[in-house]
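Written below as structure tokens is the structure these notes are about.
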Amino acid sequence: MNNQELALLLRKIAAAYEIKKENRFKIIAYQKAADSIEHLTSEAKDLWDDNKLNEIPGIGPAIAGHLDELFRTGKVKHFEKIISDLPKAMFPLLSIPGFGAKRAYKLVTLLKLKNPETVISDLKQAAKKGIIAPIEGFGEKSQQAIIETIESFEKGQTKENRMTLPYADAIAQEIVDYLKKKKEVIRVDRLGSLRRMVATIGDIDIAVATKQFQEVIDWFLNFPKIKKIIERGEAGASVILKNGRQIDLRVQKPQAYGAMLQYFTGSKHHNIKLREVALKKGLSLSEYGIKKLKIKNEKLKIEEFNTEEAFYRAIGLSWIPPELREDQGEIEAAQEGRLPKLVRLKDIKGDFHSHSNFDLEPSHDLGVNSFTEMLEKAYQLGYQYFTFSDHNPSVSNHTNKQIIQIMKRRKAEIEQILLSKKNTQTRKILKKAFIALEIDILPDGKLALPEPAFEFIDFAVVAIHSSFRQSRQKMTERVLKGFSHPKVKILAHPIGRLLNEREGYELDWDKIFDFCKKHNKVLEINCHPARLDLPDVLVREAIKRGVKIALGTDSHSAEAMENIRYGLAMARRGWCEKDDILNTMDYNRVIKWIKLSERR
DNA sequence: GCCGTTTTCGGCCCGACTGTTTTCAGTCG
């Protein structure tokens, strides 16, 4: 049973307890345990194997005992007893927005819905027949809402639900630009998961500082691409755009904007932890500011904050960068003054992964721009160095001799461009670049490049591009074998995921990290928007183990080189400081690192 | 049921919105 399934099980138990009117803190405890397991960086089952279940926050002796029974026997008697007298059909409804335990229970009981397999569509049919509206606590509106919610839920099941970061970024930008046209808008910020730079975004959250709440909200609700208004209040509104994406707007006056920014940036877990910490100091936090609880029977006055810095300071913390706000130890670190000095965009001195349009006759895609065009862009980005890591020539279509010839020709062409004295009047290009290659690690762990051809590259980036379904052990052996060649320095897109499309393969990270540390190898954060691979949680594990990270845009065009900032976001979410990132090294230090002799 | 620089007992984040109510329950973030 994986973490996702475990979380679902624990939520099911929480829902059952809710119907049974158990102590509400017990219910919360189960929900917290579910959240906690969902956010783990390793499988709970693996932790159980190592006898470490009790190290999971929110899991105490009771739940740990139940999980132990689950992993040993495949079931939990106590859980089965709790849900035994509840209708099975209520549970699938819990995954539909707007349904909690009580509504789900009430509806399946009164409507006598028995089949968990079909309960969702059965409920929709019931709503369409009009037999939900007369039920106490429901009405025409909620009946209609049930139909609409289920219909969009059914659609959502078939297409991917979360946006990639740049996609969400672009939508947000459009709304930000629109809002800024209104003169009453003093300031606009994108917040929520977008501000925290999470790899995929559910809803887009926007905050506005203004003195005219209603006018700004009305202006927002007139945004031309809105399909439907979900809710509107005095301090904000939620809408669905024609493209199906949800936008939440919150407005606040400038002098209280700091608490609003903080609240609306989240994450939820960060905010909960923050409020718990504040409560121990007699402070109650909300999106409006901070109340002092110490004085009894006196009217509580809210202290307002115009900046987040002031808000955090009032709780005795230094300002926490949004990328860290996940309740992963950042609040404790802020209390103890040991927050990391996160790597910044201006620390980045080069890119370690790109594809030009030079035709090596590979079996993967070429880029669209020439070496010169890529170097021109690298110059514009202010880099010290760049890396060409085109795909290796396809093995099946060439003899070794042909491959060597192609590699030789490519090296000569790049060197000619880099060493040429002329041609700099018309266009400014970067003159320092590494001649690398992205080489496939074949299913048996061999590299897809004949040994003599290595002479024509400075170093290699390796990656898995085929046979994704090998076992964890076999995949680990395969990667380590490919990674072992002395000229191979970087493992590209290490988990192989494609966001919303492909999970990626399993690797034994203990072994990978140890290997990297021991042999001076580096893991890539691939900055391609659909990859963002390594993921943030593994980045953090890697640097804890002393493994260095390289940012590579995997650009197939000059324009895509700007994606570096999304990879950088993963690095920051993984707590990376400047020294953790290879790209912050000067050119000469990189040369030394790959043990290259100064060639140019 | 969990947890501990106010505690191993007695606390447990905070407020908004909707729909159905006439003071609130349910759900969400």
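Quick caveat: nothing in here was measured; it's all calculated off a predicted structure. Convention: sequence-line order gives letters A, B, ...; per-chain numbering from 1.
Across the interface with DNA chain B, nearest-nucleotide mapping of Ala29(A) and Arg232(A) shows Ala29(A) to be the residue nearer the 5′ end. Between Phe25(A) and Phe99(A), the residue whose closest nucleotide on DNA chain B is further toward the 5' end is Phe25(A).
Using a 4.0 Å heavy-atom distance criterion, Asn271(A) is classed as making no nucleic acid contact. Residue contacts shown for Ile63(A) are limited to sugar-phosphate atoms, with no base heavy atom under 4.0 Å away. Residue Ile59(A) is in sugar-phosphate contact alone, with no base atom involved, counting any heavy-atom pair closer than 4.0 Å across all strands shown. Within the 4.0 angstrom heavy-atom criterion, no nucleotide atom of any strand lies near Ala33(A). Across all strands, Arg24(A) comes closer than 4.0 Å to no nucleic acid atom at all (heavy-atom distances). Counting any heavy atom pair closer than 4.0 Å across all strands shown, Glu140(A) reaches sugar-phosphate atoms only and no base atom. Looking at heavy-atom distances under 4.0 Å, Glu22(A) makes no contact with the nucleic acid at all.
Between dT6(B) and dG11(B), the two P atoms lie 16 Å apart (nearest whole Å). Look at the P atom in both dC13(B) and dC3(B): the space between them is 13 Å, to the nearest Å. For dT5(B) and dG1(B), the C1' atoms lie 24 Å apart once the distance is rounded to whole Å. Across the P atoms, dT18(B) and dT7(B) are found 43 Å apart, a figure rounded to whole Å. Straight-line distance between the C1' atoms of dC17(B) and dT23(B): roughly 16 Å, to the nearest whole Å. Only the P atoms considered, dC9(B) is 48 Å distant from dT20(B), to the nearest whole Å. Taking atom C1' in both dG15(B) and dG10(B), one finds a spacing of 25 Å when rounded to whole Å. One C1' atom belongs to dT22(B), the other to dC12(B), and the distance between them is 32 Å to the nearest Å.
Of all nucleotides present, none satisfies the Watson-Crick or G-U wobble test against dT8(B) with each distance under 3.5 Å.
Residue Asn23(A) places its side chain closer to dG1(B) than to any other of dG29(B), dG1(B), dT18(B). Listed nucleotides dT27(B), dC17(B), dG19(B) differ in distance to Glu231(A); the shortest reach to its side chain belongs to dC17(B). If you check dT27(B), dC2(B), dG1(B) against the side chain of Pro61(A), the one that comes closest is dC2(B). The Lys102(A) side chain lies nearest to dT27(B) when the options are dG1(B), dT27(B), dA16(B). Between dG1(B), dT18(B), dC14(B), one nucleotide has an atom nearer to the side chain of Ser286(A) than all others, and that is dC14(B). Each of dG26(B), dG1(B), dC14(B) was ranked by its minimum atom distance to the side chain of Arg103(A); first place goes to dG26(B). The side chain of Arg250(A) sits closest to dA16(B) out of dA16(B), dC14(B), dG1(B). The side chain of Lys32(A) approaches dC13(B) more closely than any other nucleotide in the set dG26(B), dG1(B), dC13(B).
At least one side-chain nitrogen or oxygen of Lys291(A) sits closer than 4.0 Å to the OP1 or OP2 atom of dG15(B). Residue Lys268(A) places no side-chain N or O under 4.0 Å from the OP1 or OP2 atom of dG29(B). OP1 or OP2 of dC17(B) has not a single side-chain nitrogen or oxygen of Ser238(A) nearer than 4.0 Å. Distances shorter than 4.0 Å separate some side-chain N or O of Tyr288(A) from OP1 or OP2 on dA16(B). Close to dC13(B), at under 4.0 Å from its OP1 or OP2, lies no side-chain N or O of Ser284(A). Dashed line: the shortest gap from a side-chain N or O of Lys280(A) to OP1 or OP2 of dT6(B) is not under 4.0 Å.
Residue Ile272(A) contributes atom CD1, which lies 14 Å from atom C1' of dC2(B) at whole-angstrom precision. At whole-Å resolution of the value, CG in Leu67(A) and P in dG1(B) are 12 Å apart. Rounded to an integer number of Å, the gap from Gln31(A) CD to dG29(B) P is 13 Å. Gln252(A) has its CD atom 13 Å from the P atom of dG15(B), to the nearest Å. Between the CG atom of Leu93(A) and the P atom of dT27(B) there is a distance of 11 Å, given to the nearest Å. What separates CD1 of Ile27(A) from P of dA25(B) is a distance of 15 Å, to the nearest Å. Atom CZ of Arg275(A) and atom C1' of dG15(B) are 8 Å apart (whole Å). Whole-Å rounding puts the Ile13(A) CD1 to dG1(B) P distance at 11 Å.
Between Asp203(A) and Ser193(A), the closest heavy-atom pair is O-OG, 4.0 Å. Across Gly58(A) and Ala33(A), no two heavy atoms sit closer than the pair O-CB, 3.7 Å.
Using cut-offs of 30° and 60° for the angle between ring planes, the Trp219(A) and Tyr178(A) rings count as parallel. Aromatic ring orientation, Trp48(A) versus Phe71(A): tilted (interplanar angle from 30° to 60°).
A donor and an acceptor atom, one from each side chain of Gln173(A) and Asp177(A), are located under 3.5 Å apart.
Checked options Thr265(A), Leu191(A), Ile201(A), Asp536(A); the residue passing with Arg196(A) is Thr265(A) (criterion: side-chain contact (heavy atoms from CB on, under 4.5 Å)).
Side-chain contact check for Ile59(A) versus Ile37(A): some heavy-atom pair is nearer than 4.5 Å.
In this structure, Arg545(A) forms no cation-pi arrangement with Phe513(A), as its terminal cationic atom is not both closer than 6.0 Å to the ring centre and no more than 45° off the ring axis.
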